[in-house]
Amino acid sequence: MRIKLLQNRVLLGRQSVSSTCTPLGSTMIHSLFLINSSGDIFLEKHWKSVVSRSVCDYFFEAQERATEAENVPPVIPTPHHYLLNVYRHKIFFVAVIQTEVPPLFVIEFLHRVVDTFQDYFGVCSEVVIKDNVVVVYEVLEEMLDNGFPLATESNILKELIKPPTILRTVVNTITGSTNVGDQLPTGQLSVVPWRRTGVKYTNNEAYFDVIEEIDAIIDKSGSTITAEIQGVIDACVKLTGMPDLTLSFMNPRLLDDVSFHPCVRFKRWESERILSFIPPDGNFRLLSYHVSAQNLVAIPVYVKHNISFRDSSSLGRFEITVGPKQTMGKTVEGVMVTSQMPKGVLNMSLTPSQGMHTFDPVTKLLSWDVGKINPQKLPSLKGTMSLQAGTSKPDENPTINLQFKIQQLAISGLKVNRLDMYGEKYKPFKGIKYMTKAGKFQVRT
Amino acid sequence: MSASPAYSEEKGGSSSLGEPEYGHDPASGGIFSSDYKRHDDLKEMLDSNKDSLKLEAMKRIVAMIARGKNASDLFPAVVKNVACKNIEVKKLVYVYLVRYAEEQQDLALLSISTFQRGLKDPNQLIRASALRVLSSIRVPIIVPIMMLAIKEAASDMSPYVRKTAAHAIPKLYSLDSDQKDQLIEVIEKLLADKTTLVAGSVVMAFEEVCPERIDLIHKNYRKLCNLLIDVEEWGQVVIINMLTRYARTQFLSPNQNESLLEENPEKAFYGSDEEDSKDDKPDAASLVKRKPYVMDPDHRLLLRNTKPLLQSRNAAVVMAVAQLYFHLAPKAEVGVIAKALVRLLRSHSEVQWVVLQNVATMSIKRRGMFEPYLKSFYIRSTDPTQIKILKLEVLTNLANETNISTILREFQTYIRSMDKDFVAATIQAIGRCATNIGKVRDTCLNGLVQLLSNRDELVVAESVVVIKKLLQMQPSQHSEIIKHMAKLTDNIQVPMARASILWLIGEYCEHVPKIAPDVLRKMAKSFTSEEDIVKLQVINLAAKLYLTNSKQSKLLTQYVLNLAKYDQNYDIRDRARFIRQLIVPTEKSGALNKYAKKLFLAQKPAPILESSFKDRDHFQLGSLSHLLNAKAVGYQELPDWPDEAPDPSVRNVEEETAFLIESHIGLLGELREVPEWTKCTSREKRKEKVEKPFYSDSEGESGPTESADSEPESVSESESESGSSSSESGSDSGSRGEESGDQSEEEKKKKKKGKEGPRKACLESAGSDPSEEEEEQGKKGKKKKPQHEGKGGSETSWEEGSISESSSSESDSGSEAEESQSEPESKRRTTPPSSKPAPKASRKGTKEISLLDLDDFTPAPPQPASSPAIVSTSLVTDLEGLTLTDASLTPTMLSPVFSTVKTYELLHRMAGEGLSVEYYFNRQPFPPDPHMVAVQIQFSNNTESEVKNLRVSEPKLVSGMRIQEFQEIESLAPGDTANVIMGIDFCDSTQAANFQLCTHSRQFYVSIQPPVGELMAPVFMSENEFKKEQGKLTGMSEITEKLTLPDKCQSDHTIVQRVTAAANVSRVPCGADNEYRFAAKTVTSGSLVLITLEWKEGARAHLTVNSEKMVIGTMLVQDVSQALAQ
């Protein structure tokens, strides 16, 4: 293995020397490699001269050093290149660059690539990418020109290259036609660059999901160390023609910090606190926001915990109870408790009052799928932990991570007032849904 | 997903010649190695006249390319299809060509004519795509053709084709750099283009080809600024980065008049200049005479037009704007980027990683900017280690005297993490905090010393290293710790730690003359069973002791050296021999012996603990070079500001408005009809609106600080009236207090009698334009703050001054009655943490004093003596927990949002014979008993002697009332202060709790009477829930009062401030603009208290309180309306 690596290095050296002979610059993203978790490079694409895939050895080295995927540094310098990578869906997307470029530019672009794949194929996985390799290649070809982003709006891309659907593949099989749009795309030229022209629907509908996530750290005694609300408004708009929408809130002042989809007219928001936009077609994220810490954040659940290791005995006690706190009368569901137990814990014998629990003795990960919280009968998980004999008690108590969902509630109290449409004559169906979720919700014990 | 099987099936199915398994894995490794037939069939398929076959073949070929397989020998067969009518085949052929043309140049030429034809096509998209491919095949022979094509396309009708031309420029340049001059001409032409579509691409080309030709930008500068918001996001990044460099060469530094010192007191003044210049831009000429620096309007234009992009969804754009502000904006304005950067921390971990690195650099230079977001950098156990360590870096950079206690408490949690790398980093961070903040050095040291008994070797080793560094800074003061560490040698088994301790004792044996020989004695005893590194240090210790204290240690040293002489390890034998020769005088070894002392006991320089991010900002932030802290290939240095402003007229354009009429993106264009800089005034206002949330946000956090308005404003008056200067809080602050007191009095007179003096005139003029002035001064006030952080005394009095100013408009004399009672409270009001800027009102005052009175008074120097003891005392309690015990952390003072500064006197200095006691309601839950109200009590000993055994005794309480006494304070040194918390259950009544306060010699009868607003704790509820509850509490439980809001109290902000100051309630979100809701529960019985304030037209308002407890309701209405009326 080592020898192979070394050979590659030599090879790489030669190759790079030759490539540095040409004038530098001109390419932001030189090449892209897709690497799976077992270290196979299963796709490569170059936007300029070919960079040997042996450059990835530097990446593998860094990966080995990091031990865990999430700790691989996003930027890895090598003698002649810089490797910028993102890790998503168990795939490393490694971009090779040669010259100074804002790192976030590349990282953000790579994430956009992943999002596009997800949008195209429903999921982004190695199998799906391999199965659709031609579409993937075509999409990448359109997204970058000479290493510089060209078309990254999925609306435009879909006009250029049709995503595969069952129906279309069947039709294609029969007629021998293809995924590439048969007319020339006009999206690039549209006055509204994010919306394709000539959209037609028989049912015109516009749905908005207000989803809020609570990020919190709760300390041992149950008091909140930090809590904030991060919200997004995701939209699914299927409207004919060129509709111009305005969305207003009952209490826009709640929104402290916002970031918009490019379609939102910024100045209108600034002056009137109204969202005015021509929507892209289909699914998109209209807005993400942050609710200022000025308001108290309601914490919808609490965790009572009693986790104790004793010094002498090889048994520890473990008991947690989850209960509703400030739920505004709504049911807390989809509750899931996970906790990384200390290394000294060999096994756990626990009985949940409801739901399923698992403990992996290798990774020491305890997870308990609680489900719904019934306020009359609080779910609890009790039992003992068997500890490694002979070792003294671990000095840390595990942190408890919580997930939950509350339907029909935006915990910040944000409310959409109304949605109006201009520019088209029909009456669309409108819908709005609220949901509160746990974001990074952690209880220290 | 579901589509994929069908898709691959189709591949197999549609190709009549293809073998089934081939269809499934077209690019399997075997293709080339063994079977050339398959190639033949691909060629055959490409040669057929059926598009479907061609397509199938091309798909397989592309799949091969994607897997990195060589398909170059198919080139002749593929290139024939370049003219194919089928669009998809054509596209895939293009993909192939771009990949292999470089290797097969001659054959590639066959395709050129097709592209040349394409360039003339009437369809703009075909023209564009032909140009794109033509420029992408890297065949040097066609350079002239490419050049021609680019030139032609640059003047194409279609902006899309022009964009493609811009993209082609760097491609050609990298192929043949001799074309540079011609390409620059094209760039110049395209830079003048007025469409957003082209702007991003051409600037990219500019950056690649001729970034040094900054002169090309002049004429296009304003246009680029104005187009920026409509350019696509990637182009925005490139343009912003380019404009950052441009601005650095063309404008003067907005901070040029400041000294380089970071927290410069003068900052505020220049901040104001800047603001002024903005306001008075129209007659800038007149300003030039008066002011030293006026911001170039073009500079301002850039700042203004990039600011909205902080709201972009694209992290790269946000970062680009952030770095632009960091490098170009006046210091006072840089703060706006903090919020956006903090928002990015929610993004993917790679984004977090990059952003945190930049924040780390910024937080060293502009600490104040991120202080309000301290909690956003708290670490979660699920963060990846590399993120944790960066967050730790930021937290350490943000640490200052006010927030250090919270930060250290966080660190305490981190030390117990399972992630040992992170624990080690935390220990180092504690070490850095200790070196930077002198106050906590001792406590940190103690905490670290206790970590030495940790089981984890890494923790111990890291602690020892850090302790060693800390001790080296001032060893003389820490003989205690060295002694303590000496004791630890009995228990600590980790060799590394033992060795380090021995080194320390040896190094500083003169500070512990008694202990050192004893340690050596013990070590000599166990010498044979020690690890090698420990043995070496024992020898070292012996040698040093022999040199300093040979009388006591001579024999021991001999003994140790003899043991070492026969050790198994030759290193140790060598060392023993070497040292013996060096230190023990013999006939032979005369020469070096003289210098033995110098050799062993030389001063070792203390290591410096500083951030690895220090001075990284000489790299342009957000760049790769900054991230790597090394110059990346192709990095463009960020130029320094010029000394003399280059001629600004170069940016003047003849037909300035031409591009504004252009509106290819109609929807955004509609808002850009007017040239930006002509709209200055109106825009200015709007801009201020934007800024407002930022400041008001941070103000909001300081809620309780402001809550002091109502009470203490009277304080300074009464203080000055009675003429008693607060001697005990130091003469300086006292005199300051008087000054401000004076002023407020004068102001009052001015109001009443209409007198006019020069200073009053000043004040008046300052006050005449409150809306503008306030904003601006708010900023200054904020900037002022850090200068005073930790210097409690002076800060307090400053605030007083400001408050007294605001009280000038106070009309009712009723407050006088209260004054006498609350007289001394201001003196020891706890210093609000500086992370929360003082209230707007007070800032205004602060600034006025500093700006206008400079001539009259020389500002009193800040006096360190009066720094509040609170910080240190609470730190002691903090760091007691810095061990690894399981002691639960009390959440006291955790969220300073609720800490109040309204202090009451329990025992006056005179009555208490030198002991003065004050209390305030800290608005924290009282952990031992949730039904109790927590009262923070502060004792100050002003006597000459120690006060001992401070305790509570004989409470005389109304039935039902309970007291949780604080722990007895054993002794309080003269001049010292101590803080304790006690809990009192007032049974939801405002009856006083009477008890005795005992010292070792005296007893005092005291009583604590709570204001009604302190008998409750905030609850959170939604709007609907509020309405529901309110519906239940009608009739008798509802008390309404009409009131008139004074002018001062007509902003959302002040109203909320005042109400939350008067009562411990939390705000309930509310949709309506002119309604405010608050909710709380009484502490004992948990009954709901709901406050509604409806603001009618003008100044009229309705105050409603709903509560079961009618008495509380009535009293609360009184208190709140009083608070609002002030």
Side-chain angles (χ1 to χ4, degrees), chain A residues 23-26 43-44 53 70-71 74-75 77 86 99-100 102-105 107-108 111 122-123 131 133-134 137 141 145-146 148-149 164-166 169 173 176 178 180 184 188-189 191 217 220-221 223 226 230 250-251 257 259-260 266-267 292 294 296 298 326 328 395-396 399 413 440 442, chain B residues 1 3-4 6-8 10 13 52 59 62-63 66 68 87-88 125 160 167 170-171 174 177 208 234 237 308 311 313-316 319 339 343 346 350 353-354 375 378 380-381 384-386 416 418 622 624 627-628 632-635 666 671 697 700 884 888 891 1020 1022-1023 1025 1066 1069 1071:
Chain A
L24 286 165
S26 88
L43 188 124
E44 61 179 71
R53 53 167 64 193
E70 56 179 13
N71 274 325
V75 178
V86 304
T99 53
E100 170 66 47
L104 271 184
F105 187 97
I107 287 170
E108 182 81 19
H111 280 298
V123 283
D131 283 346
V133 71
V134 175
Y137 229 67
E141 186 73 28
D145 178 18
N146 195 35
F148 192 80
T165 63
I166 296 175
T169 44
T173 318
T178 65
V180 171
L184 283 163
Q188 301 272 18
L189 317 166
V191 289
I217 302 177
K220 219 174 170 133
S221 58
S223 51
T226 151
Q230 311 281 349
M250 306 268 273
N251 36 13
D257 182 38
S259 75
F260 302 115
F266 181 74
K267 293 192 175 138
S292 91
Q294 225 175 326
L296 272 183
Q326 292 157 316
M328 322 288 165
D395 29 64
E396 68 275 345
T399 317
K440 297 172 182 166
Q442 233 167 50
Chain B
M1 180 66 198
S4 51
Y7 189 69
S8 55
E10 169 248 327
S52 61
K59 278 184 174 172
V62 167
I87 289 181
E88 182 155 22
L125 288 159
Y160 184 63
H167 274 267
K171 296 184 204 169
S174 71
S177 48
E208 298 288 357
W234 310 107
V237 178
Q311 242 84 42
R313 64 168 172 173
N314 187 317
M319 190 65 229
K339 188 184 278 184
R343 183 184 70 229
R346 274 281 293 183
E350 294 88 4
W353 187 79
V354 176
K375 287 186 174 178
Y378 280 7
R380 290 158 208 278
S381 61
T385 310
Q386 51 181 351
R416 289 185 290 174
M418 302 184 205
L624 184 63
L627 203 71
L628 301 167
V633 182
Y635 173 71
L671 294 152
D697 166 43
L884 293 178
S888 74
F1020 185 91
S1022 70
E1023 200 176 349
E1025 215 172 271
S1066 74

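Because the structure is predicted, anything quoted here is derived from the model rather than measured.
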- Message: So does Gly413(A) get a backbone contact from the side chain of Glu1023(B), meaning a donor-acceptor N/O pair under 3.5 Å?
- Response: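 Flag not set: sc Glu1023(B) to bb Gly413(A) has no pair under 3.5 Å.
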- Under the 3.5 angstrom rule, does the side chain of Arg380(B) hit a backbone N or O of Gln442(A) as a donor-acceptor pair?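 Such a contact is absent between Arg380(B) side chain and Gln442(A) backbone.
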- Of Ser381(B), Ser1022(B), Ala315(B), the largest count of non-hydrogen pairs under 4.5 angstrom with chain A goes to Ser381(B)
- Message: To check you understand the geometry: which heavy-atom pair defines the closest contact between Ser259(A) and Arg313(B), and what is its length?
- Response: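 That would be OG-CA, 4.2 Å.
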- Residues Pro103(A) and Gly622(B): closest non-hydrogen pair is CD-O, 3.0 Å
- Item | Listed partners of Tyr137(A) passing ring-ring contact (aromatic ring centres under 6.0 Å, His included), at least two apart |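 Not a single residue meets the ring-ring contact (aromatic ring centres under 6.0 Å, His included) criterion with Tyr137(A).
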Answer whether the closest heavy-atom distance between the side chains of [X] and [Y] falls below 4.5 Å.
X	Y	result
Glu350(B)	Leu104(A)	no
Trp234(B)	Glu108(A)	yes
Gln386(B)	Pro74(A)	yes

- Query: Which bit of Glu70(A) comes within less than 4.5 Å of chain B, counting heavy atoms only: side chain, backbone, both or neither?
  - Reply: both
- With a 4.5 angstrom heavy-atom cut-off, could you sort out which part of Ile107(A) is near chain B: side chain, backbone, both or neither? side chain
- Query: What do the steps show when you test Lys171(B) against Asp145(A) for side chain to side chain contact (heavy atoms under 4.5 Å, CB included), and what is the final call?
  - Reply: CA-CA 10 Å; Lys171(B) 296 184 204 169; Asp145(A) 178 18; 2.9 Å; yes
- Message: Set out, in order, the CA-CA distance, both residues' side-chain angles and the distance that settles salt bridge (charged side-chain N to carboxylate O under 4.0 Å, His left out) for Lys339(B) and Asp257(A), then state yes or no.
- Response: CA-CA 7 Å; Lys339(B) 188 184 278 184; Asp257(A) 182 38; 5.5 Å; no
- Message: Just so I understand: if I count every heavy-atom pair under 4.5 Å between each of Thr399(A), Val86(A), Asn251(A) and chain B, which residue has the most?
- Response: Val86(A)
- So which of Pro102(A), Pro77(A), Ala298(A) has the biggest tally of heavy-atom pairs under 4.5 Å with chain B?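 Most pairs with chain B among the choices: Ala298(A).
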- Item | Euclidean distance, His111(A) NE2 relative to Asn314(B) CG, rounded to 0.5 Å |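 Going from CG on Asn314(B) over to NE2 on His111(A), the span is 11.5 Å.
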